[in-house]
There are 2 protein chains.
Amino acid sequence: MAEIKSGANPLFLREEELRQGLELLFYAYRDFNAEPDAILARHKFGRAHHRVIYFVGRHPSITVGRLLSILGITKQSLSRVLRQLIDQGLITQRPGPTDRRQRLLELTSKGIEMERQLSEKQRVRIARAYREAGAEAVEGFRKVLLGLTRQEMPSKFQPPGRLDR
Amino acid sequence: MAEIKSGANPLFLREEELRQGLELLFYAYRDFNAEPDAILARHKFGRAHHRVIYFVGRHPSITVGRLLSILGITKQSLSRVLRQLIDQGLITQRPGPTDRRQRLLELTSKGIEMERQLSEKQRVRIARAYREAGAEAVEGFRKVLLGLTRQEMPSKFQPPGRLDR
DNA sequence: ACGCTATGTCAGCCGCGTTGACATATATGA
DNA sequence: TCATATATGTCAACGCGGCTGACATAGCGT
């Protein structure tokens, strides 16, 4: 704690600093999702669909089980949106080559197109923020965010909860 | 687009870099809310309650209207959680001194205690991440996050949507 | 042959967004 | 003063996407 207050930073300033970080994260996350939400709404989809599309695009041939553990939701929740995405022709399934119980998921060309539309908005936004902030700042951004992510609760006591609010 | 590829960064690397930023933000936001969620659950509250408690604590004597515009939700949504918080004795209302139509909101001592419990988890988490990353990185973190936040859509076309997932 | 695993589905619950309609108290301007 | 506008609250109904619990089926592995 002693080594933290670099310079003339009394404790009650640190407090304010931390709160500011809190809010920054809150607003950034919120604004960051506004544009994709608008696109999704036109297709009668929600953020849950977005996440599934995103991760299937990111990890082609992913199994349902692996996707479940990435998303941290129940199979019942996943299957609702997955079913819609398959029915609408954005995602296909095929049996796993070695373990045929598995259903390997892929984006169709239509799914890829959708993925591109959605993430483009966010990539443009991040790209702008990165460019304006500079390479140095980007490195700091990543470092801090990584630090926020690691070290979870005992992992059995994580309340799953909604990912999108 | 031409001015973006600063230095020897081919485009397909930038793309990957941006995606990484996306995911970092996603996971950080998610992990960041896991601990408060557990506390809230014990009190039969949710993230909506957390946000209200937080902003009332941050802006004592805030009006309902101002709170609504910060949260970006409808009064019907707010009133549900606000009613619970008032009934449970975490928040009080009093008429505005100059405009008596207003209801100025305050945390009670019980509310303050709750606020402290909730945000403490997050402050510790941020503090650790800041400490590990260093002052320089923190500055970058803030810069980028701020860049992500500014410049919205025309503001009438923002789909409100859930704040908590 | 048996049990375990991967997946899917049905049913019902809950939190917290939404829209629309309507009520009340107070402020404010013609 | 009276009319209108504003600040707030409430009722009703809907939608999304989490959840639990139960049960089904196919395929893996011993």
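Per chain, numbering begins at 1; letters A, B, ... match sequence-line order. Bear in mind the structure is a predicted one, so any value in this text is a computation, not a measurement.
When each of dG18(D), dT18(C), dG20(C) is scored by its nearest atom to the side-chain atoms of T74(B), the top-ranked nucleotide is dT18(C). Across dG18(D), dC19(D), dA27(C), the shortest atom-to-atom separation from the side chain of Q76(A) is found for dC19(D).
F45(A) has its CZ atom 11 Å from the P atom of dC16(D), to the nearest Å. Between H50(B) atom NE2 and dG17(C) atom P the separation is 14 Å, expressed in whole Å. The CZ-P distance, from R30(B) to dG18(D), rounds to 11 Å in whole Å. Between the C1' atom of dG17(C) and the CG atom of L40(A) lies a distance of 16 Å, rounded to the nearest Å. Rounding to whole angstrom units, NZ of residue K44(A) and P of dC14(D) are separated by 15 Å. R47(B) has its CZ atom 12 Å from the P atom of dC19(D), to the nearest Å. Rounded to an integer number of Å, the gap from R51(B) CZ to dG15(C) P is 14 Å. One atom, CZ of R100(A), and another, P of dT7(C), lie 15 Å apart when rounded to the nearest Å.
The 5' end of DNA chain D is approached more closely, in terms of each residue's nearest nucleotide, by R80(A) than by the other of R80(A) and T98(A).
Listed by chain and number, the residues in a side chain to side chain contact (heavy atoms under 4.5 Å, CB included) with Q122(B) are L22(A), F32(B), N33(B), P36(B), H50(B) (sequence neighbours excluded). Partners of H49(B) under the side-chain hydrogen bond (donor to acceptor under 3.5 Å, both in side chains) rule, at least two apart in sequence or in another chain, are Q84(B). Every residue two or more places apart in sequence or in another chain that forms a side chain to side chain contact (heavy atoms under 4.5 Å, CB included) with E115(A) is listed here: I53(A), Y54(A), L107(A), S119(A), R19(B). Remark: E136(A) pairs with no residue by the side-chain hydrogen bond (donor to acceptor under 3.5 Å, both in side chains) rule, at least two apart or across chains.
Between R30(A) and E35(A) there is no salt bridge, since none of the side-chain N atoms of the basic residue sits less than 4.0 Å from a carboxylate O of the acidic one.
Sorted by first then second residue, the salt bridge (charged side-chain N to carboxylate O under 4.0 Å, His left out) pairs that include residues 83-93 of chain A, not counting sequence neighbours, are R83(A)-D87(A).
Applying the 4.0 Å criterion to OP1 and OP2 of dG15(C), one finds that H49(B) has every side-chain N and O outside that range. One finds no side-chain N or O of S77(B) lying less than 4.0 angstrom from the OP1 or OP2 phosphate oxygen of dC16(C).
Taking the side chain as every heavy atom from C-beta outward, H59(A) and R66(A) never approach each other to under 4.5 Å.
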Identify all pairs in which a protein N or O lies below 3.5 Å from an N or O of nucleotides 5-9 of chain D, and state each distance.
| from | atom 1 | to | atom 2 | distance (Å) |
| --- | --- | --- | --- | --- |
| dT6(D) | O2 | R101(B) | NH1 | 2.5 |
| dT8(D) | OP1 | V64(B) | N | 3.3 |
| dT8(D) | OP1 | R103(B) | N | 3.4 |
| dT8(D) | OP2 | G65(B) | N | 2.7 |
| dT8(D) | O4 | K75(B) | NZ | 3.3 |
| dG9(D) | OP1 | Q93(B) | NE2 | 2.6 |
| dG9(D) | N7 | K75(B) | NZ | 3.2 |
| dG9(D) | O6 | K75(B) | NZ | 2.1 |

